[in-house]
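Structure first, then comments.
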Amino acid sequence: MRALPYVQRMDKKLHIVGGGMAGAEAAWQAAKMGVDVVIHEMRPKVETFAHQTGNLAEMVCSNSFRSDDDEQNAVGLLHWEMRAADGIIMNTAAEHRLPAGGALAVDRDPFAETVTAKLKSLPNVTVSYEEITDLPEDGHWIFATGPLTSPALGEAIQAETGAERLAFFDAIAPIVYADSIDMSQAWMQSRYDKGETEEERTAYLNCPMTKDQYEAFIDALLAADKTEFHEGETAGYFDGCLPIEVMAERGRETLRHGPMKPVGLTNPHKLDEKAWAVVQLRRDNALGTLFNIVGFQTKMKYGAQTEVFRMIPGLENAQFARLGGIHRNTFLNSPTLLDNQMRLKSKPHIRFAGQVTGVEGYVESAAMGLLAGRMAAAEMLGKEIPDVPQDSAMGALIHHITGGAEAKTFQPMNVNFGLFRPVDGLKGGRRGRKDRYKAYTDRAKAEWSAWLAHFN
């Protein structure tokens with residue numbers, strides 16, 4: 001194969017393809033270890049359907065990193081581990097945090113701008129804007145191209161792995177202008193008043209529905225015009241990001257027991273009336289001028305979206321800053337293709353990181369970037385590091401995607417306590433869950449801290 005124009009033979013730099021969550025975190029970790037890094041990002045020269053800017057770590061689907069509870073939630077534990085490793089994604093998220101109850105939500109544009117500025121300020125980091133379309137024959141590489149891996153690069157990966165690309169469809173929720181919401185019907189409250197401050201306890205905007213309104217809404221969802229799939233594509237959705245129409249097709253009560261559940265909320269406009277269903281919106285920027293509709297990823301066509309969503313009480317005159325959409329998500333069959341250092345078995349000078357490895361979510365993607373960046377830098381510096389401890393959140397996740405999962409049925413996975421090895425002597429079932437989760441997180445923190453000590 002001819003030498004690629006963007007890398008010299010025997011290059012001593014770490015090349016990272018893709019500047020999303022995983023690529024940005026990998027670059028930060030490797031650069032902090034003293035390695036020279038080049039980030040290859042095709043945006044804004046080559047646009048994608050979902051991205052709006054050329055910033056690194058742009059948040060596309062949502063502005064939330066989900067739960068920040070590091071004692072009772074696996075995602076929150078992953079937050080803790082990333083902070084312990086001085087992760088750029090978690091540290092920057094803290095700088096641009098928005099009230100969201102127990103979740104970690106951020107002002108998405110300033111967040112991405114800050115991550116970009118921090119990386120560009122490092123003397124050993126360069127950002128090169130072009131599309132990489134081939135797999136290199138030498139050098140040190142991390143491919144963190146995410147769910148929107150370009151068709152040309154996807155074909156190169158497919159040719160190398162000898163396996164067909166696996167794909168599911170990821171749907172984007174709409175964003176509403178706050179001043180177009182009717183607050184005589186809606187109110188601000190987090191479920192069960194969750195949060196330590198008044199701002200967090202009132203982080204969500206709630207729109208209640210009666211039974212008749214809910215039934216009419218479901219009818220409209222089912223009848224709405226949907227995006228058609230191209231020939232040869234199949235709708236293999238990831239369950240954690242299902243379009244609302246797909247949920248409605250699974251049963252008329254599905255949404256009412258999912259994103260529209262009415263529990264833990266009290267309507268101050270009608271104290272004696274319990275809502276049949278509630279649509280929640282979460283603040284999407286620091287100014288509070290934009291709200292995204294929580295859990296309302298959709299593949300409805302634009303015209304249908306405005307008609308259906310304006311059936312929601314309080315959103316009758318809603319104006320949309322962004323309507324929902326749908327895109328193809330590409331990922332590897334990692335259990336068969338990657339080793340426990342995230343290296344491609346057929347080309348071990350290439351690592352993969354982020355969502356393309358079969359993890360799902362911003363946090364998980366950034367976490368795999370953190371590991372890939374540290375592993376690649378250690379290898380380049382001639383340092384030996386032990387395997388990531390399986391009892392940490394990082395270890396549970398990487399173990400799953402690089403061998404713990406069943407290859408024949410491999411699907412993208414969020415971090416969850418189901419990936420953790422049991423702690424001996426603890427009660428199972430729902431009643432023992434609180435103690436069990438605390439034991440998982442205590443053990444994970446100790447294991448992760450010990451692993452990080454090897455880098456000192």
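Source: prediction; values computed, not measured.
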Distance-only polar pair, side chains of Thr298 and Glu245, donor-acceptor under 3.5 Å: yes
Any sub-3.5 Å donor-acceptor pair from Arg191's side-chain atoms to Val263's backbone N or O? yes
Taking Asn414 for the side chain and Glu360 for the main chain, is one N or O donor matched with an acceptor at less than 3.5 Å? yes
Chi angles and distances behind the side-chain contact (heavy atoms from CB on, under 4.5 Å) call for Val37, Ile16: CA-CA 7 Å; Val37 175; Ile16 298 175; 3.8 Å; yes
Indicate yes or no for a side-chain donor-acceptor contact from His79 to the backbone of Phe65 under 3.5 Å, with no hydrogens or angles considered. yes
Mark yes or no for whether Asn206, through its side chain, and Gln189, through its backbone, hold a donor-acceptor pair below 3.5 Å. yes
So do the side chains of Val363 and Met82 get within less than 4.5 Å of each other, counting heavy atoms only? yes
Would you indicate whether the side-chain heavy atoms of Lys445 and Glu71 approach each other to under 4.5 Å? yes
Any side-chain heavy atom of Arg256 within less than 4.5 Å of one from Trp276? yes
On the 0 to 90° scale, with breaks at 30° and 60°, tag the Phe111-His96 ring pair as parallel, tilted or perpendicular. perpendicular
Distance under 6.0 Å and angle within 45° of ring axis: Arg374 vs Phe455: yes
For Pro313 and Gln185, the nearest pair of non-hydrogen atoms, with its separation, is CB-OE1, 3.5 Å
Is the shortest heavy-atom distance from the side chain of Leu221 to the side chain of Phe217 under 4.5 Å? yes
To the nearest 0.5 angstrom, please state how far the OG atom of Ser392 sits from the CH2 atom of Trp80. 10.0 Å
Hey, mind stepping through Leu222 and Arg252 against side-chain contact (heavy atoms from CB on, under 4.5 Å) and telling me if it holds? CA-CA 10 Å; Leu222 296 173; Arg252 298 186 69 86; 4.1 Å; yes
Would you say Tyr177 has more than 12 foreign heavy atoms packed within less than 6.0 Å of its OH? no
Backbone N or O of Ala173 within a donor-acceptor pair of the Arg322 side chain at under 3.5 Å? yes
For Ala74 and Ala393, work out which heavy atoms get closest and say how close. O-CB, 4.5 Å
To the nearest 0.5 angstrom, please state how far the CD atom of Gln390 sits from the CG atom of Asn340. 11.0 Å
Has the side chain of Tyr362 got a donor or acceptor atom that lies under 3.5 Å from a matching backbone atom of Ile89? no
With the side chain counted from C-beta on, respond yes when Phe320 and Tyr302 share a heavy-atom pair under 4.5 Å apart, and no when they do not. no
Does CD belonging to Glu196 count more than 12 external heavy atoms closer than 6.0 Å? no
Roughly how far, to the nearest 0.5 Å, is the CE atom of Met260 from the CE atom of Met247? 10.0 Å
Note: Leu290 and Ala321 closest approach over all heavy atoms is CD2-CB, 3.7 Å
Side chains of Ile39 and Val125, heavy atoms from C-beta outward: is any pair under 4.5 Å? yes
Measuring from atom CD of Gln72 to atom CZ of Arg433, what distance do you get when rounded to the nearest 0.5 angstrom? 8.5 Å
Does any N or O in the side chain of Glu58 come within less than 3.5 Å of the main-chain N or O of Asn55, such that one atom is a donor and the other an acceptor? no
Is a donor on one side and an acceptor on the other found under 3.5 Å between the side chain of Ser121 and the backbone of Lys118? yes
Determine, stepwise, if the pair Asp70 / Arg83 fulfils salt bridge (charged side-chain N to carboxylate O under 4.0 Å, His left out). CA-CA 11 Å; Asp70 61 54; Arg83 291 185 183 113; 5.4 Å; no
To the nearest 0.5 angstrom, please state how far the CD atom of Glu447 sits from the CG atom of Asp442. 12.0 Å
Measure the shortest side-chain to side-chain distance between Met394 and Trp451 over non-hydrogen atoms and say whether it is less than 4.5 angstrom. no
Rounded to the nearest 0.5 Å, what separation is found between the CG atom of Asp107 and the CE atom of Met59? 10.0 Å
Which heavy atom of Ala112 sits nearest a heavy atom of Ala57, and at what distance? CB-O, 3.7 Å
Evaluate side-chain contact (heavy atoms from CB on, under 4.5 Å) for Val388 paired with Trp448, printing each intermediate quantity in order. CA-CA 8 Å; Val388 183; Trp448 180 246; 4.1 Å; yes
Give the C-alpha distance, both sets of side-chain angles, the deciding distance and a yes or no for side-chain contact (heavy atoms from CB on, under 4.5 Å) between Met368 and Ile401. CA-CA 10 Å; Met368 294 302 97; Ile401 66 171; 4.0 Å; yes
State, to 0.1 Å, how close Gly354 and Ala22 come at their nearest heavy-atom pair, and which atoms those are. CA-CB, 3.4 Å
Take Asn91 and Asp86, measure what side-chain hydrogen bond (donor to acceptor under 3.5 Å, both in side chains) needs, and give me the verdict at the end. CA-CA 7 Å; Asn91 287 344; Asp86 189 32; 2.8 Å; yes
Taking the side chain as every heavy atom from C-beta outward, state whether Cys207 and Leu281 have any pair of such atoms under 4.5 Å apart. yes
Check: Asn292 main-chain N/O paired with Arg282 side-chain donor or acceptor under 3.5 Å: no
Return the minimal non-hydrogen interatomic distance between Ala24 and Ile88, and the atom names on each side. O-CG2, 4.1 Å
When Leu98 is tested against each of Leu104, Asn63, Val106, Leu287 for side-chain contact (heavy atoms from CB on, under 4.5 Å), which residue passes? Asn63
So, does Arg310 use its side chain to make a donor-acceptor pair with the main chain of Ala318 at under 3.5 Å? yes
Counterpart residues, side-chain hydrogen bond (donor to acceptor under 3.5 Å, both in side chains), relative to Ser184 (two or more places apart): Asp182
